[in-house]
Amino acid sequence: LEADKVRNFSIIAHIDHGKSTIADRILELTGTISKTGSNKQVGASPPTQMATRLSHNDVIMARPQVLDKLQVERERGITVKAQTATSFYTHEGVEYMLNLIDTPGHVDFSYEVSCSLAACQGTILVVDAAQGVQAQTLANFFLAFEKDLTVIPVLNKIDLPGAEVERCKAQMESLFDIAPEDVILVSGKTGLNIEQILHHVIQRVPPPSADREAPLRALVFDSWYDEYRGVIALVELMDGRMRPGDRLTSAATNLSYEVQELGVMYPEQRPTDGLYAGQVGYVVCNIKDRQEVRVGDTFYQRGKPVQALPGFKPAKAMVFSGLYPVAQIDYEALSAALDRLVLNDPAVSVARDVNAALGPGWRLGFLGILHMEVFSQRLEQEYDIQVLLTSPSVCFRVHTKQGELLEVESPDKFPALADIDFCEEPMVMGTIVHPQEYTGAMLSLCEDHRGVQKIKSASSGYATFDYEEIGYKVSDIVKVQIMLNGDPVDALSIMTHGSRAFSKGKALCQRLKETIPRLVDRPNVGQWIDPHWWAGWGGGGRGTHQLEVLGSHDHNPHIALHDSQLVEIAIQASAKNKIIARETVRPFRKDVTAKCYGGDITRKKKLLSRQKEGKKRMRAINSIQLPKV
Ligand code: GDP
Ligand code: MG
């Protein structure tokens, strides 16, 4: 197949706008997978191999035969990662190779979106006709726009009675400068006009410019770890060709490898005897160290170096949180689980850390709150380890009077007031697009978040938000220190802007006061952290809470263990060495195992031993009396 018969494209959309459904319809149309629900074998993929993460929901509902496969994939931890599928389609008598490169939807994952887009020349922009343009439509559109991709605008779900085709077209025109007559009206549900999308891809998306005779130059745009075969890299060949047995060198590391296997994703890995310029495919080189394969790297034939491709700006962690096992006994298991998860999510930064109160753990960096949520959920669900995540924080810079510059991600690293010269905080430039009638609400939302208004513009559409980092700015950052019975507990403390210290300190004390008795009433006392319960406090919640996390300290073990404390607890908050808030919790006592677990002795024992373990740690951090069980 000649390079001019290749089309590399992606689909971008806001979540739930129908990206997976449309991807599925495309793969059906091209015979890559069989029609939903039918077991008919089409193309080269037997039904058991039809799982594709292009269509999670649909697969789960309609194709139970692929469930097992999905679970394995989940275990490998690549569910939020981009996925690629190759298909073949004949248009006007000519066969084309279509490489559909999937992208994750959320702005938190924009690093991965941008890696996937780098391997494309075009993108299908899907908008839900009933919802209109939304935040990620906007963010993803601009990523594609920056990369000069051909955009194929599609309005999906036009079968819905609530579809507002004209309004959406007007929106796309005003926001993206897309001519209304260029918008393809489709229904992923009924399959209406999906074929038209393919025609537009073939006619409008340029083939990759590629020279097969030139020396090999391959862009690594995604990779994951396979337990049996090591790192699997997805590459786009910009120039040249690649065959099994070839010796490749990485421009980034200078290490060389022998190609064991290569092929296309069809949508499963399908070995071929070569990959050619313009094509997208996978390469297996028996690489065991995940770190050796960097997304954005260039592979060339050993001994024939080429100009490396520009690569990608590495993912930069923006939100930091401490991770600790609830019971230290789980430390090794958690460590192993973490290693495995990080193998397939290199955007997470990991540093070992020891917290005075919580013991050994890790400091993790995430791209955003959602990224953190997905990661911690996977840790809990897939590895069944109860973890503590401390309040997410950005990284502040503290300039000390001694002239040092400290990067402070965690309250326990915040220097004493007397040592601080000045602080800086990271800033983002946020863009909000909203209908005119919400201007007032948007402005007060921004003000609530200490936003500084730069540009005021009104537009049509739903409120959408996107942001980019713009560096650090001098800021009045203070540590709000929480004390229990006079003892500072850093694990409960937060760092915040001076203007917020008082209100946050007060709110924090009130919450702790409410939280302590509440935990006692929770039947499942042994389970110290319940992600749902925690999410309710804003730690993992969506919406505006994301910006204003008041500290998700509530799940700390020493709080949970107060169920068995017998003395009064004084909760105090101080900032700049002044007490700013105080609350008191009256003593109470309750039998941990009462009313739960009935007669199940082993669970009871387990619970009690966990409680004991927790208490030991508890003693280390404050002086509250704990009765013997
Ligand atoms: P994604 O998050 O963008 O991948 O969205 P999905 O493809 O998972 O679709 C989200 C929901 O919309 C699913 O419940 C789909 O069944 C539904 N959906 C997708 N396309 C259509 C459509 O054309 N019409 C209707 N009525 N529902 C659709
Ligand atoms: Mg989807």
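Hydrogens, waters and symmetry mates play no part in the numbers below; they use all other heavy atoms, side chains included. When a ligand or atom number is given, it counts from 1 through the structure's own listing order.
Looking at Lys189 against ligand 1, both its backbone and its side chain come within 4.0 Å, counting heavy atoms. The part of Leu160 lying near ligand 1 is the side chain, judged by heavy-atom distances below 4.0 Å. Counting heavy atoms closer than 4.0 Å to ligand 1, residue Asp16 contributes atoms from both its backbone and its side chain.
With ligand atoms numbered from 1 in the order given, ligand 1 contributes 1 (P), 3 (O), 4 (O), 5 (O), 7 (O) to contacts under 4.0 Å with heavy atoms of Lys19. Of all the atoms in ligand 1, the ones that sit under 4.0 Å from a non-hydrogen atom of Gly188 are 22 (C), 23 (O).
Looking at Val151, Val183, Leu155, Ile11 one by one, the single match for side chain to side chain contact (heavy atoms under 4.5 Å, CB included) with Leu125 turns out to be Val151.
Side chain to side chain, Asn99 and Thr86 meet the donor-acceptor criterion of an N or O pair below 3.5 Å.
Using a 4.0 Å cut-off between a side-chain N of Lys or Arg and a carboxylate O of Asp or Glu, Glu181 and Lys169 do not qualify as a salt bridge.
A perpendicular orientation is assigned to the rings of Phe145 and Phe142, their planes being inclined by more than 60° (bins at 30° and 60°).
Between Gly18 and ligand 1, an N or O atom pair is found at a separation short of 3.5 Å.
Contact of the Thr137 side chain with the Phe176 side chain is registered, since non-hydrogen atoms from C-beta on lie closer than 4.5 Å.
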